[in-house]
Amino acid sequence: MSERTVPSTAPLRARAEIDLAALRANVRALRAHAPGAALMAVVKSEAYGHGAVQCARAAVAAGADWLGTATPEEALALRAAGLPGRIMCWLWTPGGPWREAIEADLDVSVSGMWALDEVTAAARLAGRPARVQLKADTGLGRNGCQPGDDWAELVREALRAEAEGLLRVTGLWSHFACADEPGHPSIAAQIGLFREMVGHAEQQGIRPEVRHIANSPATLTVPESHFDLVRTGIALYGISPSPELGTPADFGLRPVMTLSASLALVKHVPGGHGVSYGHQYVTPGETTLGLVPLGYADGIPRHASSAGPVLVEGKWRTIAGRVAMDQFVVDLGGDEPEAGAEAVLFGPGDRGEPTAEDWAQAAGTIAYEVVTRIGTRVPRVYVNASP
Ligand SMILES: Cc1ncc(COP(=O)(O)O)c(C=O)c1O
């Protein structure tokens, strides 16, 4: 992730300002939402586009007990960057870096027998036990071991490997399908099945340090799902998991990323002037156009063409026509900001700027995707790095 340590006022084509004080405050707010549980900061996919190492450091400084990533490579990169403590990763494929993970003291997830076989083989080679968390599919229908015979076999074989000193089962865990839909019947059903699957494993002799199923929406709205640990991703970055649940402020959260750019050009055009590829937009009369030097290569959704909002000199403007690879245009309605004037795509909203949620609505997607897709060509500028 490219990083600038320039002062926050230095001119850049575009910048994603990452407010680490907001991130630390979000960690504290989330701890207050789940006071009886440990907190895992989920920093996969470059911390949802915010920068994994910087956000992981800030989250740990603010009291996160665990870090979580999808891939082992992401977790190994955190360790290599010097992050101490517990780091869990859950998305494994055959032939993955099991031995490196064991040697880096990662907690690894196992959803089936192929993975148990590979992790025990790696533990033999490494000459030390792996820290393994068994994942149950309680209804998401994605990763995780099916209940019934599959779970019984996985638990039995994990216990056998534990007795041989090849691993220690540190966790039993699962993941929700619909926690962002309050009252969805699958939430209670998944918690019920999770209790049963954990109960079976514990009866057989598994002694997990942590049992966990809650993501951000469950952390914020389903207290009975907290168990020993909550795994929060999107809420850490100050974004509500879904507008139906509430705004970030409703949960005491503050958006961490502000995406802005310097206008590359401002010019007068006559009425009837086509704008951008395909001339989807034609100026309704004489006007001024502002060129925003960000495009779909930077993660600006092309689906936000003719819809995405941008704040320029205190006014919301809408993308005029198509988002191109590197740039898009806004109709400034005759206003004449200088080239270099700031265009704010989204941020916390304090200055009247749109939010990532506004962009999600404009593009027909979720705010998770809006922030996570901001590309590596946009420098992240970290502010309030020291507590
Ligand atoms: C297994 C797992 N746990 C937790 C999370 C965090 O979810 P959220 O960002 O909704 O908090 C994710 C992200 O999708 C995940 O894949």
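Remember, it's 1-based here, ligands and their atoms both numbered in the order they're listed.
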**Prompt:** salt bridge (charged side-chain N to carboxylate O under 4.0 Å, His left out) with Arg160: which of Glu162, Glu164, Glu157?
**Reply:** Glu157
**Request:** Just jot down the ligand 1 atoms closer than 4.0 angstrom to any heavy atom of Tyr48, in number order.
**Result:** 6 (C), 7 (O), 8 (P), 9 (O), 13 (C)
**Request:** Please say whether Lys135 places an N or O atom under 3.5 Å from an N or O atom belonging to ligand 1.
**Result:** no
**Fill in**
Taking only non-hydrogen atoms of Ile234 and a 4.0 Å limit, the atoms of ligand 1 in range are 8 (P), 9 (O), 11 (O)
**Item:** Within reach of ligand 1, part of Arg231 (heavy-atom separation under 4.0 Å)
**Value:** both
**Fill in**
Within 4.0 Å of some non-hydrogen atom of Pro217, the atoms of ligand 1 are 10 (O)
**Item:** Location of contacts on Ala70 toward ligand 1, heavy atoms closer than 4.0 Å
**Value:** neither
**Item:** Ala235, any N or O under 3.5 Å of ligand 1 N or O
**Value:** no
**Item:** Under-4.0 Å heavy-atom contact with ligand 1, by part of Phe176 that carries it
**Value:** neither
**Item:** Atoms in ligand 1 flagged as close to Trp173, the criterion being non-hydrogen separation under 4.0 Å
**Value:** 1 (C)
**Message:** Using every non-hydrogen atom in the two residues, find where Ala158 and Leu134 come nearest and quote the distance to one decimal.
**Reply:** CB-CD1, 4.0 Å
**Message:** Please give me the minimum heavy-atom distance between Phe328 and Arg322, naming the atom from each residue.
**Reply:** CB-O, 4.3 Å
**Identity and distance of the protein heavy atom lying nearest atom 10 (O) of ligand 1** = Tyr368 OH, 2.6 Å
**Prompt:** Is there at least one pair of N or O atoms, one from Val42 and one from ligand 1, spaced under 3.5 Å apart?
**Reply:** no
**Item:** Closest to atom 11 (O) of ligand 1 among Ala179, Ser216, Gly68, Cys89 (heavy-atom distance)
**Value:** Ser216
**Item:** Nearest heavy atoms of Arg351 and Thr258, plus distance in Å
**Value:** NH2-CG2, 4.3 Å
**Request:** Tell me yes or no: between the side chains of Trp98 and Glu118, is some donor less than 3.5 Å from an acceptor?
**Result:** yes
**Asked** With no hydrogens and no angle check, do the side chains of His175 and Gln190 hold a donor and an acceptor under 3.5 Å apart?
**Response** no
**Item:** Nearest-neighbour protein heavy atom for atom 2 (C) of ligand 1, which is reported as residue plus atom name and distance
**Value:** His175 CE1, 3.4 Å
**Prompt:** What do we get for Thr232 next to ligand 1 when only non-hydrogen atoms under 4.0 Å count, side chain, backbone, both or neither?
**Reply:** backbone
**Message:** Is it true that Glu244 and Ser242 share a donor-acceptor pair across their side chains at a distance under 3.5 Å?
**Reply:** yes
**Fill in**
Partner of Leu289 under side chain to side chain contact (heavy atoms under 4.5 Å, CB included), picked from Thr283, Val266, Leu332, is Thr283
Without placing hydrogens or testing angles, list every side-chain donor-acceptor pair under 3.5 Å for residues 299-314, not counting sequence neighbours.
| unit_1 | atom_1 | unit_2 | atom_2 | d |
| --- | --- | --- | --- | --- |
| Ser305 | OG | Arg302 | O | 2.7 |
| Ser305 | OG | Val323 | N | 2.9 |
| Ser306 | OG | Gln280 | OE1 | 2.9 |

**Identity of the nearest option to atom 16 (O) of ligand 1, non-hydrogen atoms only, from Met40, Met88, Lys44** = Lys44
**Message:** Restricting to non-hydrogen atoms, name the atom on Ala324 and the atom on Tyr277 that form the minimum distance, rounded to 0.1 Å.
**Reply:** CB-CE1, 3.7 Å
**Message:** Closer than 4.0 Å to some heavy atom of Arg142 - which atoms of ligand 1 meet that?
**Reply:** 16 (O)
